[in-house]
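For reference, the structure is listed below as structure tokens.
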Amino acid sequence: MSTTMTFAKALNTALADEMEADRSVVVFGEDVGPLGGVFRITDGLTQRFGEERCFDTPLAESGIMGMAIGMAMNGLRPVVEMQFDAFAYPAFEQVVSHVAKMPNRTRGKVKLPMVIRIPYAGGIGGVEHHCDSSESYYAHTPGLTVVAPATVEDAYTMLREAIRFPDPVVFLEPKKLYFSKEQLDLEALQSRWGTPALDRTDGPEPTAAPADSSIGRAVIAREGTDATLITYGPSVSTVMKAAAAAAEEGRSLEVIDIRSIVPFDDETVMASVRKTGRAVVVAEAPGFASVASEIVARVQERCFHSLAAPVLRVTGFDIPYPAPKLEHFYLPSVDRILDAVDELQWEDA
Amino acid sequence: MAGRPGKSGNTAAADQGFEGDTMTISTGNPIEGSMADPSRRAGMDDPVTAEAYMLPSGQPVQLVDPDGLHVHNDKYPLPDGEALLKAYRELVVGRRVNDQANALVRQGRLAVYPSSHGQEACQVASALCIGADDWLFPTYRDTVAVIAKGVDPVQTLTLLQGDWHSGYDPYEHKVSIQATPLATQLLHAVGVAHAAKLKGEDTVVVALCGDGATSEGDFHEALNFAAVFHLPVVFFVQNNQYAISVPLNKQTVAPSLAHKAIGYGMPGERVDGNDTAALLAVLGKAVDRARQGGGPALVEAHTYRMQSHTNADDATRYRTDDEVAEWAPKDPLVRLRAYLKELNVLTEELEEEIAGRAETVAAQMRDGLNAETEVDPEDLFRFVFTEKTSQLREQAAMLRDELSRESA
């Protein structure tokens with residue numbers, strides 16, 4: 001049965017369903033207890049599962065991350081919330097030096113099946129330190145799996161998959177999407193997971209990821225033939241609007257929602273670009289040394305002979321995230337995306 | 001429950017926040033038990049404040065002095081001869097491990113070695129104060145502690161040999177990787193203890209760090225988390241007076257590092273770090289208390305790093321030979337040996353046997369570390385993720401191809 005659900009509620013439901021299915025899943029962070037998180041993603045979890053399974057910590061992000069590492073070492077599956085993108089930075093040393101490295105250091109003896117949830121990116125009129133697109137820091141760190149859902153259905157599915165993933169996952173939640181709504185057949189989605197009562201607290205042994213996991217797989221969000229728009233996270237909805245506008249002007253644009261930044265789905269992206277011969281990469285983060293830069297490099301390395309034009313980027317400017325009244329100048333817009341599409345040397349075609 | 005504040009002074013203590021056997025402080029966490037015996041605490045009718053309960057002893061606890069003589073202490077009984085003999089055996093092995101590792105650096109078999117020469121009592125006590133199912137979280141200087149907990153010496157030194165960043169399975173002896181980023185491992189210790197508590201296991205975790213690490217933010221966060229969640233962690237600081245070149249008085253002006261405990265609502269204690277007997281007694285009590293649900297504690301050992309930070313360091317640039325010489329007579333081996341001799345527990349036959357054991361370990365280290373080990377370039381990609389990403393598969397194939405062309 002189809003119901004209307006917000007992105008936030010989908011995440012909340014995914015957490016509750018995984019906590020129900022697997023008693024090794026514990027949720028903690030700042031204000032995630034009785035309050036339910038500042039975005040209400042953990043709403044009701046303490047009430048339903050008790051204070052031992054969903055709890056508030058002292059206000060210290062490195063402490064949260066370091067403690068999660070130890071809990072994951074000792075048989076639990078912690079899901080931690082960093083309250084905002086820029087408030088995750090105090091935990092950066094733990095993430096880079098231990099979360100990302102410990103499985104490798106121990107030759108796979110220590111697995112860290114943990115999820116680091118980070119409300120990220122802008123478009124919400126937030127004040128300073130509340131709107132950073134920090135994905136490049138994590139994507140650049142070997143050992144981290146980095147994903148960003150852009151639809152309500154992916155919010156639900158990808159969070160459950162991240163929790164079951166055997167390795168640490170940085171789960172980026174575009175906060176401007178939290179209150180977006182979609183029609184969703186939740187029961188059908190839930191039935192895909194079955195209802196196993198997992199009890200993994202006796203050992204650190206992780207389970208394998210589902211065979212059809214979204215981790216490592218991009219999706220074609222809109223099919224097209226003339227050019228490929230490659231994007232992820234908060235920019236997907238903007239890019240979809242641009243593609244719809246282009247269609248009215250007679251241009252057929254394919255939209256790829258990357259979803260999984262690490263691992264990166266070269267196959268889906270390259271197949272699309274080889275088909276269309278043109279590509280624009282759209283992302284909110286500053287463009288210099290960014291995920292968008294990496295995608296452009298990969299495309300031109302692999303699709304050079306299929307390309308009719310240079311691969312372009314539409315990204316944030318190389319400036320600190322702007323104040324609320326200025327952010328619309330900064331964020332990739334439908335017009336800026338369409339301008340980039342116009343520059344793809346159509347006259348040579 | 002052993003070591004609880006006890007029935008004594010209940011009436012008076014209740015006025016100070018005690019409720020029966022359990023003291024409640026402002027954070028709302030019950031503190032059951034104490035580092036201090038009732039006998040050592042304020043008199044029967046004296047009120048016992050939270051401060052008195054958590055502050056360390058006026059002087060570092062010492063049970064055997066540098067001359068090998070027993071020093072009576074009301075709070076901490078002397079461990080029995082058997083326990084001390086066991087520790088002595090590990091001390092002798094530990095000293096030999098330090099000397100052998102230094103030699104292996106000079107011979108080019110180890111990249112570097114941060115020696116715990118002079119700190120062997122701390123090393124040995126931190127491993128012997130817990131059981132096989134308890135966890136130890138060591139730093140890079142705690143090689144001897146890792147070995148004393150049961151890890152193979154050659155596997156322990158893999159890190160410094162350069163074959164891999166860690167050479168042992170942390171689950172086999174419940175010894176975490178030797179952490180290099182300071183104080184970060186204290187939080188992992190807190191997490192392991194937290195998981196154990198949630199799972200209903202009675203695991204105790206001993207988390208090691210040095211005096212320099214107490215300046216790090218993670219030290220603060222770890223102690224605070226452990227206290228707030230009331231976790232069975234014993235934080236054990238080896239204050240060897242220097243963080244590479246920087247002396248303690250440039251790290252802190254606190255009365256002692258053990259005094260920091262009170263700020264987190266846990267008891268602190270300080271102990272002569274070259275006195276194995278005192279270390280076993282103090283750490284043993286903290287471990288017992290943690291296991292019985294008493295929560296975390298902070299123990300500071302006063303010791304001295306007799307050698308340079310590592311072989312790559314030159315300690316003469318920041319401290320005098322006279323200062324180092326002052327610590328030589330306080331050596332942990334000399335004093336425990338003297339005491340055990342006096343006790344007639346340590347016979348000449350036993351000494352020979354122990355020396356033989358130390359030589360066996362040293363030979364094992366030489367054999368293991370002089371052997372030419374093969375490294376496998378495929379390992380570069382093997383453990384980054386549970387399943388290689390397509391990117392890593394491509395890169396592994398590239399390297400494989402490169403190597404096959406080189407060897408062709």
Side-chain angles (χ1 to χ4, degrees), chain A residues 23-24 26 28 52-53 55 57-58 60-76 78 90 93-94 96-98 100-111 113 142-145 165-168 201-204 206 208-209 216 260 262-267 298, chain B residues 135 137 159 164-172 174 176-177 179-181 183-201 203 205 207 216-218 220-229 231 233 379-392 394:
Chain A
R23 76 181 175 91
S24 69
V26 288
F28 53 95
E52 293 199 328
R53 306 251 340 254
F55 53 90
T57 65
E61 293 78 12
S62 187
I64 293 167
M65 198 65 69
M67 184 168 77
I69 292 168
M71 292 172 96
M73 282 178 77
N74 200 4
L76 300 186
E93 182 187 19
Q94 288 288 350
V96 172
S97 293
H98 296 299
K101 289 178 179 164
M102 201 180 289
N104 185 63
R105 252 189 105 170
T106 59
R107 302 176 71 85
K109 297 284 194 257
V110 174
K111 296 286 187 188
L144 299 177
T145 296
F165 203 63
D167 301 321
T201 58
D202 290 339
S260 173
V262 180
F264 187 79
D265 183 355
D266 283 308
E267 203 182 323
R298 302 186 80 78
Chain B
W135 276 85
F137 278 76
L159 165 71
W164 201 255
H165 295 313
S166 183
Y168 55 90
D169 177 354
Y171 294 107
E172 193 182 345
K174 302 281 198 287
S176 189
I177 53 173
T180 308
T184 55
Q185 77 283 0
L186 303 179
L187 282 162
H188 311 162
V190 167
V192 164
H194 200 157
K197 185 183 175 187
L198 292 180
K199 292 192 286 180
E201 297 164 357
T203 312
V205 182
E216 292 279 3
D218 278 359
H220 156 70
E221 295 189 24
L223 268 73
N224 192 43
F225 273 56
V228 167
F229 293 113
L231 301 174
V233 185
D379 279 355
L380 291 174
F381 305 98
R382 195 162 274 152
F383 309 109
V384 184
F385 299 103
T386 299
E387 273 183 53
K388 279 193 202 78
T389 61
S390 61
Q391 287 73 37
L392 291 192
E394 273 180 22

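Throughout, a chain's letter reflects where its sequence line sits, starting with A, and its residues are numbered from 1.
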Structural part of A:Arg53 lying under 4.5 Å from a heavy atom of chain B
neither

What part of A:Ala60 gets within 4.5 angstrom of chain B, counting heavy atoms only: side chain, backbone, both, or neither?
both

As an exercise, state the distance from CZ of A:Arg107 to CG of B:Asp379, rounded to the nearest 0.5 Å.
4.0 Å

Are the side chains of A:Met71 and B:Val190 in contact, using a 4.5 Å heavy-atom criterion?
no

Could you tell me whether the side chain of B:Gln391 and the main chain of A:Phe264 form a donor-acceptor pair under 3.5 Å?
yes

Minimum heavy-atom distance A:Pro142-B:Val384, with the two atoms named
C-CG1, 4.3 Å

What part of B:Glu394 lies closer than 4.5 angstrom to a heavy atom of chain A: side chain, backbone, both or neither?
side chain

Interchain contact, A:Glu267 with chain B, by part (heavy-atom threshold 4.5 Å)
neither

Where is the tightest heavy-atom contact between B:Ser176 and A:Met73, given as atom of each residue plus distance?
OG-CE, 3.6 Å

Just wondering, do A:Lys109 and B:Phe383 contact through their side chains at under 4.5 Å, heavy atoms?
no

Interchain contact, B:Ala222 with chain A, by part (heavy-atom threshold 4.5 Å):
neither

May I ask you to establish whether A:Arg105 and B:Trp164 are in a cation-pi arrangement, using a distance under 6.0 Å from NZ or CZ to the six-membered ring centre and at most 45° from the ring axis?
no

Return the minimal non-hydrogen interatomic distance between B:Val192 and A:Gly70, and the atom names on each side.
CG2-O, 3.3 Å

Does any heavy atom of chain B fall under 4.5 Å from the side chain of A:Thr57, the backbone, both, or neither of them?
both

In chain order, what residues pass the side chain to side chain contact (heavy atoms under 4.5 Å, CB included) check against B:Glu216, with sequence neighbours excluded?
B:Leu182, B:Ala183

Under 3.5 Å donor-acceptor, B:Tyr168 side chain and A:Thr106 backbone
no

For A:Leu144, is it the side chain, the backbone, both or neither that has a heavy atom under 4.5 Å from a heavy atom of chain B?
backbone

Assess whether side-chain hydrogen bond (donor to acceptor under 3.5 Å, both in side chains) is satisfied between B:Gln185 and A:His98, documenting all intermediate values.
CA-CA 9 Å; B:Gln185 77 283 0; A:His98 296 299; over 6 Å; no

Close side-chain approach of B:Glu221 and A:Met65, heavy atoms under 4.5 Å
no

So do the side chains of A:Val110 and B:Tyr171 get within less than 4.5 Å of each other, counting heavy atoms only?
yes

Within the distance-only criterion (no hydrogens, no angle test), does the side chain of A:Gln94 pair as donor or acceptor with the backbone N or O of B:Thr184 below 3.5 angstrom?
yes

Greatest number of non-hydrogen atom pairs under 4.5 angstrom with chain B, of A:Gly143, A:Pro168, A:Ala100, A:Pro263, falls to A:Gly143

Heavy-atom contact with chain A under 4.5 Å, split by part of B:Leu392
neither

Given that the side chain runs from C-beta out, which part of B:Asp169 has a heavy atom under 4.5 Å from chain A: side chain, backbone, both or neither?
both

Using side chain to side chain contact (heavy atoms under 4.5 Å, CB included) as the criterion, list what pairs up with A:Pro90, not counting sequence neighbours.
A:Glu61

Taking the side chain as C-beta and beyond, is there a heavy-atom pair between B:Leu187 and A:Ser62 under 4.5 Å?
yes

With chain B, which of A:Ala68, A:Gly63, A:Pro103 has the greatest number of heavy-atom pairs at distances under 4.5 Å?
A:Gly63

Worked check of side-chain hydrogen bond (donor to acceptor under 3.5 Å, both in side chains) between A:Asn74 and B:Glu201:
CA-CA 11 Å; A:Asn74 200 4; B:Glu201 297 164 357; 4.6 Å; no

Is chain B contacted by the side chain of A:Met102, its backbone, both, or neither, given a heavy-atom distance below 4.5 Å?
side chain

Value for CZ (A:Phe55) from NE2 (B:His194), rounded to nearest 0.5 Å, stands at 4.0 Å

Keeping the roles fixed (side chain from A:Asp167, backbone from B:Phe385), state whether a donor-acceptor pair exists under 3.5 Å.
no

Kindly give the heavy-atom pair with the smallest separation between B:Phe225 and A:Met67, and that separation in Å.
CD2-SD, 3.7 Å

